[in-house]
Every structure is written in structure tokens, then in C-alpha cells.
Amino acid sequence: MKNLLLLILINVCLLTSCGGENKNTIEEVIDTTDSILNKGGVTKITKVQPMTGIVVWDGNPNANSGAHTLEFSYMLFDEIVSEKGVYNWQVVDDKLNAIASRNHQAILRFRYAYVGKTTSVPSYIKELPDYEETKGISENKETWFPDWSHQELKDFTLEFYEKFAQRYDDDNRLAFLQVGFGLWGEYHIYDGPFELGKTFPSKEFQTSFLTKMDSFFVNLKWSISIDVEDGNVTPFRSNESLLNLSFGLFDDSFMSKEHKSFNEQRFKFLELNTRYQKAPIGGEFNYYTQYDQENVLSPSGPYGESYESFAKRFFVSYMIGNDQYKYQTKERIKEASISSGYKFEVIKFEKVNGKSLLTVKNIGCAPIYYDAYFSINGNKSTKSLKTLMPNQESVFTINYDGNEDLIIICDKLLSEQTIDFIRSF
């Protein structure tokens with residue numbers, strides 16, 4: 001730009017010395033040079049952005065309401081493996097394909113134990129003579145718990161996730177993976193027979209499992225429950241080096257009455273204020289009371305603070321709210337979805353020396369967790385948008401200055417998904 005201005009000033013001086021002729025030519029040069037002719041962008045974000053928002057289960061009849069880009073599903077180990085070493089991933093692929101057919105991406109969580117159900121431990125393990133599960137009562141229902149004293153169950157669990165990563169680490173149908181042990185895979189047995197090394201994995205195995213997960217998954221973002229903070233159940237309190245692993249967090253009792261005194265302290269221990277920069281924060285609206293479910297999306301929430309305020313404070317990318325259509329309109333749910341995760345605004349666009357310089361701000365409450373780039377005619381920015389934290393702005397350079405449309409590209413998206421940005425320049 002400085003070189004351009006210098007050239008214009010030289011031309012002005014020369015023309016002035018020649019009697020001030022061709023003034024119109026000077027004005028045309030200035031106007032043509034300063035104009036940004038690239039189309040692209042929106043005046044307001046009106047669509048839920050990919051990999052963000054309020055999440056419904058994959059069987060929810062409202063999944064296609066326009067208020068969602070993510071769907072959640074539990075998965076069962078014994079649906080993939082029944083015979084040692086033999087894996088049939090068809091049920092996973094069918095699930096991912098069904099969700100992708102709605103132009104949505106999946107959040108999956110494999111679980112062994114579920115209130116009122118038998119375990120999903122593969123049958124070949126259950127048939128071993130020295131494998132003994134525990135039958136207990138949880139929420140007044142007969143519930144079965146795995147035998148974590150058995151080496152084959154531990155070996156299988158590690159092998160399973162290694163093979164899962166080999167197959168799905170780069171799969172754009174899958175946005176995020178949640179992992180864990182205990183009831184629902186939420187890192188607790190809050191009601192039922194809890195015994196470390198028997199109904200729940202030992203701290204030693206948990207340490208091995210978490211460390212290996214961090215090596216298995218290079219690209220796919222995986223998360224664990226904030227309940228791992230409990231030193232009576234997990235190794236985190238005694239081995240804080242585990243905090244260096246790249247897991248995200250999910251909070252399965254979000255916005256409960258006890259959230260400030262209980263959940264918030266767990267987030268603090270798990271280093272929320274830095275963790276969100278590299279891995280997603282999500283969860284589920286709490287089910288402690290019907291009142292809570294009725295009011296989590298009310299203007300002041302159930303206890304005086306809105307979801308939007310919570311989302312900003314906890315850097316929320318997604319939140320499971322499968323039952324919210326019982327209490328809220330589609331419009332309110334969509335509004336809450338748009339308030340979750342990243343949102344980009346281009347506040348300045350300049351062209352200098354053959355380059356396009358974009359000043360971009362993340363006006364959302366979380367980063368995007370996969371590489372995304374501004375692009376013009378196949379020429380992408382030299383750095384990724386995942387480096388842009390909420391409320392920060394930065395200059396993104398494209399080594400090209402053509403007038404084609406400005407867009408955002410991201411290999412993690414499904415073929416028909418797009419990322420919007422606000423055009424404020």
C-alpha cells in the first residue's frame with residue numbers, strides 16, 4: 001500500500017507540474033486500487049456453524065429443524081466385537097452415514113455400563129471361566145458392571161480404541177469422541193457397587209488408558225468427563241502430569257444448582273482456561289430436576305444465569321439438550337446453538353503487493369478445533385483459524401490478490417457444510 005501511495009503522489013506531482021491535466025485519470029486509479037471486489041461473507045450469522053451448538057440424540061425427530069449440526073449416540077462394544085480379534089465396524093459406519101445424510105456430524109461415546117442394562121462387554125470375554133461381572137442395583141434397577149480385574153477386558157479396551165483410531169481418526173463424519181468408564185462412561189458409579197479394580201478400572205489401568213488414548217488419536221478430538229477430578233476414583237489428583245494430555249472435557253450436569261460450588265471447581269482443577277484452547281468443552285444439560293430442564297434455556301437460566309453467559313464462561317462448543325423441544329421453541333434452541341462455539345468476523349480487508357490481508361476476529365465463545373483457512377480461488381491463508389481464540393483478532397495473509405469470492409475451507413467438513421463469516425469491511 002505504501003508503494004502504491006508513493007506512485008500516486010509522484011503522478012500527482014508530475015501532472016500538477018504539467019498544468020493539472022488528467023485529474024479524472026488520477027481519481028480512477030485511486031478508486032480502482034482501493035476497491036475490494038471479492039464477494040463472500042454474511043451480514044449476520046443466522047445458521048448454526050459446523051461442530052457447534054445444542055446437540056440432540058440421533059433418533060430425535062427434531063434433528064432436522066435447522067437448529068443443529070451435531071447428533072449424539074451411545075455405542076456398544078459388543079456390537080462391533082463378539083469374537084476375539086474380529087472387528088465388524090458396520091454398525092458404526094451405518095450410524096455415521098445416517099447422521100451425515102442429514103448434513104450433521106456425530107459425537108459418539110462407547111459405554112460398558114448403563115443403568116438397568118447388561119454390559120456391552122464382548123461375549124467372548126463374558127464366556128471366559130474366570131471372568132465374573134457384578135450384578136448390582138442402580139437407581140432401583142438391576143444393573144450389571146464389568147469385571148475390571150480381568151486382564152482380557154483391559155487388553156481388549158486398549159486394542160479397541162487403537163483400532164477405532166486407525167479407522168476413524170480422520171473421518172469427517174465424526175466431530176468428537178467421548179470416552180470414559182463407569183455408568184454411561186461418565187467416570188463415576190454414583191449409585192451402585194463401586195470397587196476400584198473390580199467394577200471400575202484401577203488407577204493404574206486408567207493411567208495407561210489415558211496415555212495411550214493421547215497417542216492413538218492424532219486428529220480426532222476426544223474428551224472425558226469432568227468427574228475425573230475425583231481423587232477417590234481416578235489418578236488425576238495423585239498424578240497431575242496427566243493434565244498435560246490433550247483431552248477435552250464434558251460436563252454431564254451442566255447448569256445445575258450446585259454448578260458453582262461443585263462442577264466449577266472440577267473445571268478449575270482440569271485447567272479449563274488453557275485446556276479449551278486445544279480441545280473442546282461440551283456436556284449435557286443436567287437432569288437433576290425437571291425444573292432445571294425446563295429452564296436451562298430460559299432468559300435467566302434456572303438459577304439466575306443464562307446459557308449464553310455459561311457458554312462464554314466455560315468456552316462451550318456444544319451441549320446435549322435432547323429434551324429441550326419439550327420446553328423451548330425451535331427458534332430459541334437455534335439461538336442457543338448459534339451462541340455456542342466459534343464465530344468469525346472479517347473486520348478489515350486490504351490488498352498489498354499481491355497479497356490479501358484479512359483482519360479477523362473470533363466473536364464466538366470457543367475456537368474451532370480443526371484446521372480451517374480463508375481462501376480465494378484455491379489460495380488459502382498461511383495460518384489456520386484454529387489459532388484464533390475467542391475475543392481475539394489477528395491478520396491472516398493469503399498470497400494472492402484476485403477478486404474471486406472469499407470463503408472459508410476446512411477438510412473436516414462434510415461436502416455440503418460451510419463455515420460462515422461476518423463481512424464488516
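Reckoned from all heavy atoms, side chains included, excluding hydrogens, waters and symmetry mates. This chain uses plain numbering: 1 for the first residue, then up along the sequence.
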Checking [X] side chain against [Y] main chain: does a donor-acceptor pair fall under 3.5 Å?
| X | Y | result |
| --- | --- | --- |
| Thr69 | Val48 | no |
| Gln206 | Val233 | yes |
| Thr234 | Val228 | yes |
| Lys141 | Lys117 | no |
| Asp214 | Ser246 | yes |

Over 12 foreign heavy atoms within 6.0 Å of [atom1], [X]:
| X | atom1 | value |
| --- | --- | --- |
| Lys212 | NZ | no |
| Glu305 | CD | yes |
| Lys312 | NZ | no |
| Gln90 | CD | yes |
| Asn140 | CG | no |
| Lys343 | NZ | yes |

Classify the ring geometry between [X] and [Y] as parallel (under 30°), tilted (30 to 60°) or perpendicular (over 60°).
| X | Y | value |
| --- | --- | --- |
| Phe181 | Phe205 | tilted |
| Phe425 | Phe349 | perpendicular |
| Phe254 | Phe285 | tilted |
| Tyr190 | His188 | perpendicular |
| Phe72 | Trp57 | tilted |

Distance-only side-chain donor-acceptor flag, [X] / [Y], under 3.5 Å:
| X | Y | value |
| --- | --- | --- |
| Lys95 | Ser73 | yes |
| Glu133 | Thr119 | yes |
| Thr289 | Asp292 | yes |
| Ser225 | Glu186 | no |
| Tyr87 | Glu159 | yes |
| Asn399 | Thr382 | no |
| Ser394 | Lys383 | yes |
| Ser340 | Tyr307 | yes |
| Tyr287 | Asp323 | yes |
| Tyr373 | Asp411 | no |
| Lys351 | Asn403 | yes |
| Asp251 | His259 | yes |

### Query
Do you know which of Phe314, Tyr369, Phe315, Phe267 makes ring-ring contact (aromatic ring centres under 6.0 Å, His included) with Tyr276?
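Testing Tyr276 for a ring-ring contact (aromatic ring centres under 6.0 Å, His included) against Phe314, Tyr369, Phe315, Phe267 leaves exactly one candidate, Phe315.
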With a 4.0 Å cut-off on N to O distance, would you call [X] and [Y] a salt bridge?
| X | Y | result |
| --- | --- | --- |
| Glu331 | Lys334 | no |
| Asp371 | Lys386 | yes |
| Arg173 | Asp93 | yes |
| Lys198 | Asp147 | yes |

Aromatic ring proximity [X]/[Y], centre distance under 6.0 Å:
| X | Y | result |
| --- | --- | --- |
| Phe160 | Phe110 | yes |
| Trp148 | Tyr112 | yes |
| Phe236 | Phe269 | no |

### Query
Can you list the steps and then say if His68 with Tyr325 is a ring pair (Phe, Tyr, Trp, His ring centres under 6.0 Å)?
CA-CA 12 Å; His68 312 285; Tyr325 285 94; 5.7 Å; yes
Heavy-atom closest contact ([X] atom, [Y] atom, distance):
| X | Y | value |
| --- | --- | --- |
| Ile408 | Ala372 | CG2-CB, 4.1 Å |
| Arg332 | Leu297 | NE-O, 2.7 Å |
| Tyr303 | Ser256 | CE1-C, 4.0 Å |
| Leu70 | Met51 | CD1-C, 3.6 Å |

### Message
Exactly one of Gln178, Lys278, Met213, Arg275 should register a side chain to side chain contact (heavy atoms under 4.5 Å, CB included) with Phe247. Which one does?
### Response
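Result for side chain to side chain contact (heavy atoms under 4.5 Å, CB included) with Phe247: Arg275.
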#### Entry: Glu393 and Thr359, any side-chain heavy atoms less than 4.5 Å apart
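Thr359 reaches Glu393 side chain to side chain.
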### Task
For ring pair (Phe, Tyr, Trp, His ring centres under 6.0 Å), just list the numbers for Trp222 and Tyr161, CA-CA rounded to whole Å, side-chain angles, deciding distance to a tenth of an Å, and then say yes or no.
CA-CA 11 Å; Trp222 59 283; Tyr161 280 108; 9.1 Å; no
### Task
Test side-chain contact (heavy atoms from CB on, under 4.5 Å) on Glu284 and Phe250 and set out the steps.
CA-CA 8 Å; Glu284 184 173 24; Phe250 63 89; over 6 Å; no
